[in-house]
Amino acid sequence: MDITHILDGLNDRQREAVGAPIGNTLVIAGAGSGKTRVLVHRMAWLVEAQGVSTHGLLAVTFTNKAAAEMRQRTEALLNTSARSMWVGTFHGIAHRLLRMHYKEAGLPQAFQIIDSDDQLRLIKRVMRSLAIDEQKWPARQAAWFINAAKDEGKRARDVPSGDDLFQIAHKKIYRSYEEVCDQGGLVDFAEILLRSHELWLNNADLLSHYQHRFGHLLVDEFQDTNTIQYAWLRVLAGKTGRVMAVGDDDQSIYGWRGARVENIHQFSRDFAPINTIRLEQNYRSTANILIAANKLIGFNADRLGKELWTEDGHGEPIRVYSAYNDLDEARFVVERAANWIDQGGSPDEVAVLYRSNAQSRVLEEALLQARIPYRIYGGLRFFERAEIKNALAYMRLLHDRHSAVAFERVVNLPPRGIGDKTLEIIRAEARRRNVSLWQACKDGIVAGAFKGRVANAIINFLKLVDDLAEIALDQALHEIAETCVSATGLIDYHSKESGERGLARKENLEELVSAARQFTGDLVFPTMSAATQSQDRLPEAGSALEAFLDQVALDSGDTQTETGPALQMMTLHSAKGLEFPLVFLVGLEEGLFPHRMSADEPGRMEEERRLCYVGITRAMQELYLTYAETRRLHGTDTYNRPSRFVGELPAEVLEEVRMRGAISRPMGGMNSRFFEEPVEGGLHMGQRVKHAKFGEGIVMQCEGGGDRARIQVNFENAGAKWLMLGYANLAALD
DNA sequence: CGGGGTAGGTTTTTT
DNA sequence: ACCTACCCCG
């Protein structure tokens, strides 16, 4: 077979990776070095040059988007629709295994995936029934604890008991939560992975079947794997599987949610002997951008080591702008973005990246004013919106009348007179007799347990759902969706909500119906979403609803409908994997980026630096870094020094932007160098100081001298205070 | 039962 | 500043 089209157009390193001898391979792929390309070509090479069946390939990614892209590009390269090839997210693939082998996994056939929102509700209920004080142990924290344990492969019984109250309380919650999930056939995200790992450990035959089937495993973004994902992979690979892991330790930015960069190191040991290949040639950015990125990331210790280079020229310098405040920063960004567009650039070539979502607001207003079209990524995902989840809950009830999660959600939505009191009675009855909430209602009505208005309300609800289910039998998926949106009264209820919200919710519900229509279309002509669908049990008409509900649980429906070119705004985290000709990295201030929450633990600071590295390496041609001396955050003004990351960049590729025309600055002494300007008493502007009574704060300004010198300090807890320098007795912290 | 007021809490996000 | 979750009252 002619395989030149697979190896042509690759550089030496890429070709080395694609054609690496069959065996375990680690590809350290720097930003913009063509890592997806390598993965895709490797798969094509295995198939066409090595005669491996697409049936024996398993490719794992983290996001549905990445999985879809990989499948699509591989199919394009192979010029076939490789439906037998397993390409998906860790969760998607593990879920598919659980559906196929639910019995061996100890799950009911109708097990239901719950999202983090459902999970939190459930945990709250569990805590209430355990009479655990939610003030003392916030439910969010408990959810975090449980998920972290599961990510580490630990069941409640595996959690060390310990003698501190925190551990005891959380272990108790975990155990009880586990019970509730088991009873209701509920599977949270972490559970999908944990359970499918156990599925293999407990079923040797099954494991050996899959080990035999998947002779070649490919893993994308390997630095983002957590303990359970790594274990899962290791078990599946066994002694015979060949793994190609592609990743970049310098782009590991998800340590805070359990990802372990160490897995890259571990891989070399557990999968020895391995072939390591580095991809360092960058095809994305100018040399100046890469010089800056290399220098910055050099401040981190324990790297595998890697230096990006390019054949391209130096390009523009990296421009640094010191804004007076966040509004000035936004104004600057918008002005420069407008210039880009005026000079013939497209808005969608421009990205504004920030550390936290709260920063988008000012920028948004400025863009609105300048009439630059923009799109904000992040925020609530489509299928996570309350109104959508309500409609989906009705759809689930039609499919499975016994789903407690769905029942709880819509039993009184729109309001129909079944309140907390009544619900509590239903719950208690269901628990006592060990039946579903639905069943408890039905039986309760027969037994005459409810009176008058309440009884009527319940009867009406039961009848509504039963009737709709009856109708749904002859309906296509999108018609069922339509029914659940309209006939339930949801759309009327939601559109009546105040102001813009009502309109938005109405539109979202309509969008759901078209998503359902789209989904049915995809079943007939599998396209992108096929990546997450289970191809082994496709279109039987009756299962379309089931398939839709599953799909929706694992795919947040992020596919935004493109409406013309728009400037992109997103957090640094969501920018990973993307590239833009013009990038603005805003809010480079100590406390914001690096974020103050990451200041204490040393590992976290390095992760912040990697985040900055990710941000810088998104830029292809031009990069702007901005920071503001004053920023309004959570309603109060904060005063921060420029980020240490700015100082870590090589001066020779930076250029400070000075604005034409003076900007009025209310106080003297607040210029761009304020962090270096001396104040008396060995303190300087922006210095962190500690006061006996007010705690820690930052020096903002000073006036006067000698005995009358006064200093303004913005305290974290006490706010801004003017103090007499002579009496304040401030301790310098830096 | 349901709407409205208030207290609390605000890094990052996928599945 | 703003959103959300919960509590209290009509």
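Quick note on labels: first sequence line is chain A, next is B, and so on, each numbered from 1.
Nearest-nucleotide assignment on DNA chain B puts the 5′-proximal partner with A:Arg140, out of A:Leu572 and A:Arg140. Position along DNA chain B of the nearest nucleotide to A:Ser116 versus A:Arg355 favours A:Arg355 as the more 5'-ward residue.
Going from atom OH of A:Tyr354 over to atom P of B:dT10 covers 20 Å, rounded to whole Å. One can place CD of A:Glu607 at 12 Å from C1' of B:dT13, the figure rounded to the nearest angstrom. Rounding to whole angstrom units, CD of residue A:Gln551 and P of B:dT14 are separated by 16 Å. Rounded to whole Å, atom C1' of B:dT14 lies 12 Å from atom CD of A:Glu221. Between the CD atom of A:Gln141 and the P atom of B:dT10 there is a distance of 10 Å, rounded to whole Å. Atom NZ of A:Lys576 is separated from atom P of B:dT15 by 12 Å (rounded to the nearest Å). Atom CD1 in A:Ile192 sits about 11 Å away from atom C1' in B:dT14, given to the nearest Å. Residue A:Glu384 contributes atom CD, which lies 18 Å from atom P of C:dC3 at whole-angstrom precision.
Using a 4.0 Å cut-off, some side-chain N or O of A:Thr571 falls inside it from OP1 or OP2 of B:dT13. At least one side-chain nitrogen or oxygen of A:Asn357 sits closer than 4.0 Å to the OP1 or OP2 atom of B:dT13. Within the 4.0 Å cut-off from OP1 or OP2 of C:dC3, at least one side-chain nitrogen or oxygen of A:Arg361 is found. Residue A:Lys124 has a polar side-chain atom (N or O) positioned under 4.0 Å from OP1 or OP2 of C:dC6. Contact check, A:Asn64 against B:dT15: a side-chain N or O comes under 4.0 Å of OP1 or OP2.
Here A:His101 and A:Tyr210 bring their ring centres to under 6.0 angstrom of each other. Between A:His170 and A:Tyr174, the gap from one ring centroid to the other reaches at least 6.0 Å. Taking the ring centroids of A:Tyr102 and A:Phe111, they lie at or beyond the 6.0 Å cut-off.
Of all nucleotides listed (B:dT15, B:dT11, B:dT13), B:dT15 comes nearest to the side chain of A:His91. Across C:dC6, B:dT15, B:dT11, the shortest atom-to-atom separation from the side chain of A:Glu608 is found for B:dT11. Taking only side-chain atoms of A:Trp256, from C-beta outward, the nucleotide of B:dT14, B:dT11, B:dT12 with the closest atom is B:dT12. The A:Met597 side chain lies nearest to B:dT11 when the options are B:dT14, C:dA1, B:dT11.
Residue A:Thr636 is classed as having no contact, given no heavy-atom separation below 4.0 Å to the nucleic acid. Note on A:Thr422: only backbone sugar-phosphate atoms sit closer than 4.0 angstrom, heavy atoms only; bases stay farther off. Residue A:Ile418 is in sugar-phosphate contact alone, with no base atom involved, counting any heavy-atom pair closer than 4.0 Å across all strands shown.
With a 6.0 Å cutoff to the six-membered ring centre and a 45° limit on the axis angle, A:Arg257 counts as a cation-pi contact of A:Tyr254. By the 6.0 Å and 45° rule, A:Arg96 stacks over the aromatic ring of A:Trp86.
Using the six-membered ring where Trp is involved, A:Trp137 and A:Phe166 have ring planes that are perpendicular, over 60° apart on the 30 and 60° scheme.
For A:Arg453, the CZ atom sits in a loose shell: 12 or fewer heavy atoms of surrounding residues, nucleotides or ligands are nearer than 6.0 Å.
Aromatic stacking of A:His595 on B:dT11: satisfied, with centres closer than 5.5 Å and planes within an angle under 30 degrees. Stacking is not found between A:Tyr254 and the pyrimidine-like six-membered ring of the B:dT13 base under the 5.5 Å centre-distance and 30° plane-angle cut-offs.
For DNA chain B, the residues of residues 405-415 of chain A within the heavy-atom distance limit of 4.0 Å (strictly under) are A:Asn412, A:Pro415, sorted by number.
Taking the charged nitrogens against the carboxylate oxygens, A:Asp115 and A:Lys389 do have a contact shorter than 4.0 Å, which makes a salt bridge. Salt bridge status for A:Arg641 with A:Glu589: absent, with no side-chain N to carboxylate O gap under 4.0 Å.
One N or O donor and one acceptor, one from the side chain of A:Arg604 and one from the base of B:dT11, sit under 3.5 Å apart.
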